[in-house]
Colleague: 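One structure coming up, written as structure tokens, with questions to follow.
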There are 2 protein chains.
Amino acid sequence: MTASINDVARAAGVSASTVSRALRGRPGVSDEVRDQIAAVAAQLGYTASRSASSLASGRTYTIGVLVPYVGRWFFGTVLDSAEKVFSAAGYDVLLYNLGSPETRKRFFTKLPVRKRVDAVLTLLIPDEEESAALRSLGVPLATTVGGIRPGFTVVGIDDRAGTESAVRHLVNLGHRRIGMISGASGPLHWTTPIERRNAYLDVLADAGIEHDPALEADGDYTVEGGERAMTELLAASRPPTAVFAQSDEMAMGALRALRRHRLKAPDDVSVVGFDDHELADVVGLTTVAQPVAEQGAEAARLLLRQLDEPDAEPPGHVQMPIRLVLRETTAPPRPRGPQ
Amino acid sequence: MTASINDVARAAGVSASTVSRALRGRPGVSDEVRDQIAAVAAQLGYTASRSASSLASGRTYTIGVLVPYVGRWFFGTVLDSAEKVFSAAGYDVLLYNLGSPETRKRFFTKLPVRKRVDAVLTLLIPDEEESAALRSLGVPLATTVGGIRPGFTVVGIDDRAGTESAVRHLVNLGHRRIGMISGASGPLHWTTPIERRNAYLDVLADAGIEHDPALEADGDYTVEGGERAMTELLAASRPPTAVFAQSDEMAMGALRALRRHRLKAPDDVSVVGFDDHELADVVGLTTVAQPVAEQGAEAARLLLRQLDEPDAEPPGHVQMPIRLVLRETTAPPRPRGPQ
DNA sequence: CTGTTAGCGCCTTCAC
DNA sequence: GTGAAGGCGCTAACAG
């Protein structure tokens, strides 16, 4: 099999403890012995067994990352950037794709990360019980989604401000019938759709526009859902002239629905998204840009810092900037013909 | 700290080995004792330490997955589906995001997965040396990319047939100046761009069309690269009337370039992609569809089967079906005005 | 069917 | 600066 620490020790003519110390850069080894051991180890292709060392030390050098759906652009991007930060620091990433309720439930009851990770980054929003389960792990916790939660470092954006800028943009263009495609069907503890909805309602009220419940539809944060939602809105007795979608993927679904109805944005309906998806530019989608990759990287960095300085008080909340990106799916409403 | 196997053994009035056997469903434990142990374990919130059990058994119940870029749709989707198969079978996934050359090199020299995983699924194409390093792990290996390689189970598609259907479609529409956006700048051992290029050349030759090197550009398999490549092609003295992009993301970049030049597909230039990206439908992109998620799931299943039946001969190659999906970015070339 | 005995490979005192 | 023990928590072979 592969070389063990004893093989290296024997070949280098020292004890296993010295090899251990030398390879991990701990003090108490003379430089020449250290170099010699490094050479021997390299030559034998020795790498310490993570199982054995974590069993002995209690440290795993592994971070658990919880994701609802890896294939979705937002999560893939956050995961990508977070992984880079972790691996650069010598940590491995254990990935848990917890999209389905069953998988999720099993994860939180069995908690397979117990004794297996030094920290957890969750991209899904745990409810009270799940949060407690994670806290019971006794390791640093971080997230890039949802509101402030005790025991978690959350790196997020100002959902309210982002939504306001999007909806105000539509109001300023002269729209009065402004629909919203939201992702309300998610778990209740996911505050994002709620915050965005409140901001939407506030802007409408502020502009003196009466809210019409028929102008809201659930898009489930997916392209297909967005398409369904838009179709629903178009079927209303008085359809919207503009739509704010709570995510770019839903906005793209909305655009697809428009195409299917032989309608165009912005000529027939204006559409604004949220995220600044990698492909938003391709379809010319006006959207609220948020620094997705940076959020993942920042959350990862904050987690590593907590690992380095266990005594320092971790930041409870970090807010990243957002900005409205104007493209081609928004325009003033078309003057209405005689009704 | 958390409960250990001995705590459970003591509380249940049995030995640790019995607990171990009972909880893992091994034979040799009476039903009543098994139930009792399960109850005690649940009550104590006991989960076996993976480090300890893998150290003792040599089995890790962990799969290493190597990805060039998690944020890219193709890889995210494969990873997503593979992870689901693995986790359903009780395996954890260790993710390695090996996009940059340095990360990649470090991974293959240190091989941190040694003694840490039971199998490896790689979504990046290892060169000869890297393949050897992976084989030295002594675990089952699989991939969803690249050509047949000894020691690997590869789940792929018929790149040649896919490309042919795309380029033939353009020929049949009447195009004669057909450009290609490829991803040739990748590592040399990546055969995909080469295979697709050969198929492209063959179809042209077959149709009696002379190949013009000025009609090929490198798009690096990214949206930005596709945009650059298209811009390049448009600057040619005699630009193409149709373009085959080796991936949907490059095709979308090409569409973006067209928009920037105030040109439209298919009116000015026809565009075909490859993949059937989740959003290809949104932009109406004609493309060669491949079952991306299914490839990940199938590769994962084949890996698990090898773990279950170590003696069975693993399949060297599995081919999944492709099909051309006609949408709105392709049409006959516009009749040329007097020149 | 169940308990006892040895390790798995490494890290961590504690001596020297 | 270095080596010798002991143990991390679990599983595997062997008894009974």
Side-chain angles (χ1 to χ4, degrees), chain A residues 1-38 40-41 44-62 90 110-118 138, chain B residues 1-38 40-41 44-62 90 110-118 138:
Chain A
M1 219 48 210
T2 57
S4 83
I5 197 171
N6 288 308
D7 298 331
V8 178
R10 211 171 304 125
V14 295
S15 75
S17 353
T18 303
V19 173
S20 173
R21 282 188 281 251
L23 261 24
R24 286 179 306 138
R26 312 302 301 262
V29 184
S30 70
D31 285 354
E32 49 184 333
V33 172
R34 191 184 297 273
D35 291 348
Q36 215 250 322
I37 289 174
V40 173
L44 263 49
Y46 168 75
T47 309
S49 151
R50 280 301 234 287
S51 312
S53 74
S54 68
L55 179 57
S57 71
R59 294 270 290 177
T60 66
Y61 282 97
T62 301
K110 300 215 57 173
L111 231 41
V113 288
R114 188 180 298 161
K115 284 253 161 201
R116 261 208 112 173
V117 299
D118 291 342
Chain B
M1 220 45 213
T2 55
S4 82
I5 197 171
N6 288 308
D7 297 331
V8 178
R10 210 170 305 125
V14 295
S15 75
S17 355
T18 301
V19 174
S20 174
R21 283 189 282 252
L23 261 25
R24 285 179 306 141
R26 313 298 304 260
V29 184
S30 71
D31 284 354
E32 50 184 333
V33 172
R34 192 183 296 273
D35 291 349
Q36 215 249 323
I37 289 175
V40 172
L44 263 49
Y46 168 76
T47 309
S49 152
R50 278 303 232 290
S51 314
S53 78
S54 68
L55 181 57
S57 69
R59 296 269 288 174
T60 65
Y61 282 98
T62 300
K110 299 216 57 174
L111 230 42
V113 286
R114 188 178 298 162
K115 285 251 159 205
R116 261 207 111 173
V117 299
D118 291 343

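Reckoned from all heavy atoms, side chains included, excluding hydrogens, waters and symmetry mates. Below, chains carry the letters A, B, ... as their sequence lines are ordered, and counting in each starts from 1.
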Colleague: Give every residue pair that meets the side-chain hydrogen bond (donor to acceptor under 3.5 Å, both in side chains) criterion with at least one member in residues 22-38 of chain A, sequence neighbours excluded.
Modeller: A/Ser20-A/Arg24
Colleague: Compare side-chain N and O positions of B/Arg24 against OP1 and OP2 of D/dA12 and report whether any pair is under 4.0 Å apart.
Modeller: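 Yes, within the criterion.
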Colleague: Which residue in the set A/Ser57, A/Ser51, A/Ser53, A/Ser54 passes side chain to side chain donor-acceptor pair (under 3.5 Å) when paired with B/Ser51?
Modeller: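 That would be A/Ser54.
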Colleague: Starting from P on C/dG9, measure out to CZ on B/Arg114 and report it in whole angstrom.
Modeller: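 Value for this atom pair: 13 Å.
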Colleague: As a test of reading the structure: which of D/dC10, C/dT12, D/dG7 is closest to the side chain of B/Tyr46, going by heavy atoms?
Modeller: D/dC10
Colleague: I need the minimum non-hydrogen distance between A/Leu55 and B/Leu55, along with the two atoms involved.
Modeller: CD2-CD2, 3.3 Å
Colleague: Does anything in residues 10-19 of chain B reach DNA chain D, meaning a heavy atom under 4.0 Å, and if so which residues?
Modeller: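 Those residues whose heavy atoms fall under 4.0 Å from DNA chain D, taken from residues 10-19 of chain B in numerical order, are B/Ser17.
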Colleague: Rounded off to whole Å, could you give me the NZ-to-P distance for the A/Lys115 and D/dC10 pair?
Modeller: 9 Å
Colleague: Starting at the 5' end of DNA chain C and moving along, which residue's nearest nucleotide shows up first, B/Ser57 or A/Ser57?
Modeller: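 Final value for this comparison: B/Ser57.
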Colleague: Quick one: which residue pairs count as a salt bridge (charged side-chain N to carboxylate O under 4.0 Å, His left out) with a foot in residues 50-59 of chain A, not counting sequence neighbours?
Modeller: A/Arg50-A/Asp92
Colleague: Can you give me the bend angle of the helix from C/dC1-D/dG16 to C/dC16-D/dG1? Use the axis through the first five pairs and the one through the last five, nearest 10 degrees.
Modeller: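 The helix from C/dC1-D/dG16 to C/dC16-D/dG1 shows an end-to-end axis angle of 30°.
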Colleague: How close do A/Ala9 and A/Ser15 get, heavy atom to heavy atom, and via which atoms?
Modeller: CB-C, 3.7 Å
Colleague: Do any of residues 28-38 of chain B sit with a heavy atom less than 4.0 Å from DNA chain C, and if so which?
Modeller: B/Gly28, B/Val29, B/Ser30, B/Val33
Colleague: Report yes if a side-chain nitrogen or oxygen of A/Ser20 is closer than 4.0 Å to either non-bridging phosphate oxygen (OP1 or OP2) of C/dC10; otherwise report no.
Modeller: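 Answer is no, no contact under 4.0 Å.
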Colleague: Run A/Thr47 and B/Arg116 through side chain to side chain contact (heavy atoms under 4.5 Å, CB included) and show every step you take.
Modeller: CA-CA 11 Å; A/Thr47 309; B/Arg116 261 207 111 173; over 6 Å; no
Colleague: Check the distance between C/dC11's P and A/Tyr61's OH and give it to me in whole angstrom.
Modeller: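 Checked: the OH to P distance equals 10 Å.
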Colleague: Looking at every heavy atom in both B/Leu23 and B/Tyr46, which two are closest together, and how far apart are they?
Modeller: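 In this case the closest contact between B/Leu23 and B/Tyr46 is CD2-CE2, 3.6 Å.
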Colleague: Quick check: on DNA chain C, is the nucleotide nearest B/Leu55 upstream (toward 5') of the one nearest B/Pro27, or the reverse? Name the residue that is more 5'.
Modeller: B/Pro27
Colleague: Please report, rounded to the nearest Å, how far the C1' atom of D/dG7 is from the CG atom of B/Asn6.
Modeller: 12 Å
Colleague: Tell me every residue that passes salt bridge (Lys or Arg N to Asp or Glu O under 4.0 Å) with A/Arg10, counting only those two or more places apart in sequence or in another chain.
Modeller: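 For A/Arg10 the salt bridge (Lys or Arg N to Asp or Glu O under 4.0 Å) partners, ignoring immediate neighbours, are A/Asp7.
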Colleague: I need the CG-P distance between A/Leu23 and C/dC11, as an integer number of Å.
Modeller: 9 Å
Colleague: Please find the pair of heavy atoms, one from B/Val14 and one from B/Ile37, that lie closest to each other, and give the distance.
Modeller: CG2-CD1, 3.9 Å
Colleague: Closest to the B/Ser4 side chain: D/dA12, C/dC10, D/dC10?
Modeller: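 Among D/dA12, C/dC10, D/dC10, the one nearest the side chain of B/Ser4 is D/dC10.
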Colleague: If every non-hydrogen atom of A/Ala12 is compared with every non-hydrogen atom of A/Val40, which pair is closest and at what distance?
Modeller: CB-CG2, 4.0 Å
Colleague: Please tell me which of the listed nucleotides, D/dA12, D/dA13, C/dC10, lies nearest to the side chain of B/Arg21?
Modeller: D/dA13
Colleague: Between A/Arg26 and D/dG1, is there a contact of a side-chain N or O with OP1 or OP2 at under 4.0 Å?
Modeller: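 Answer no for this pair, as no side-chain N or O of A/Arg26 is under 4.0 Å from OP1 or OP2.
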Colleague: For A/Val117, is there any backbone N or O sitting under 3.5 Å from a side-chain donor or acceptor partner on A/Thr62?
Modeller: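 Not a single qualifying donor-acceptor pair exists.
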Colleague: I need the minimum non-hydrogen distance between A/Ala16 and A/Asn6, along with the two atoms involved.
Modeller: CB-OD1, 3.7 Å
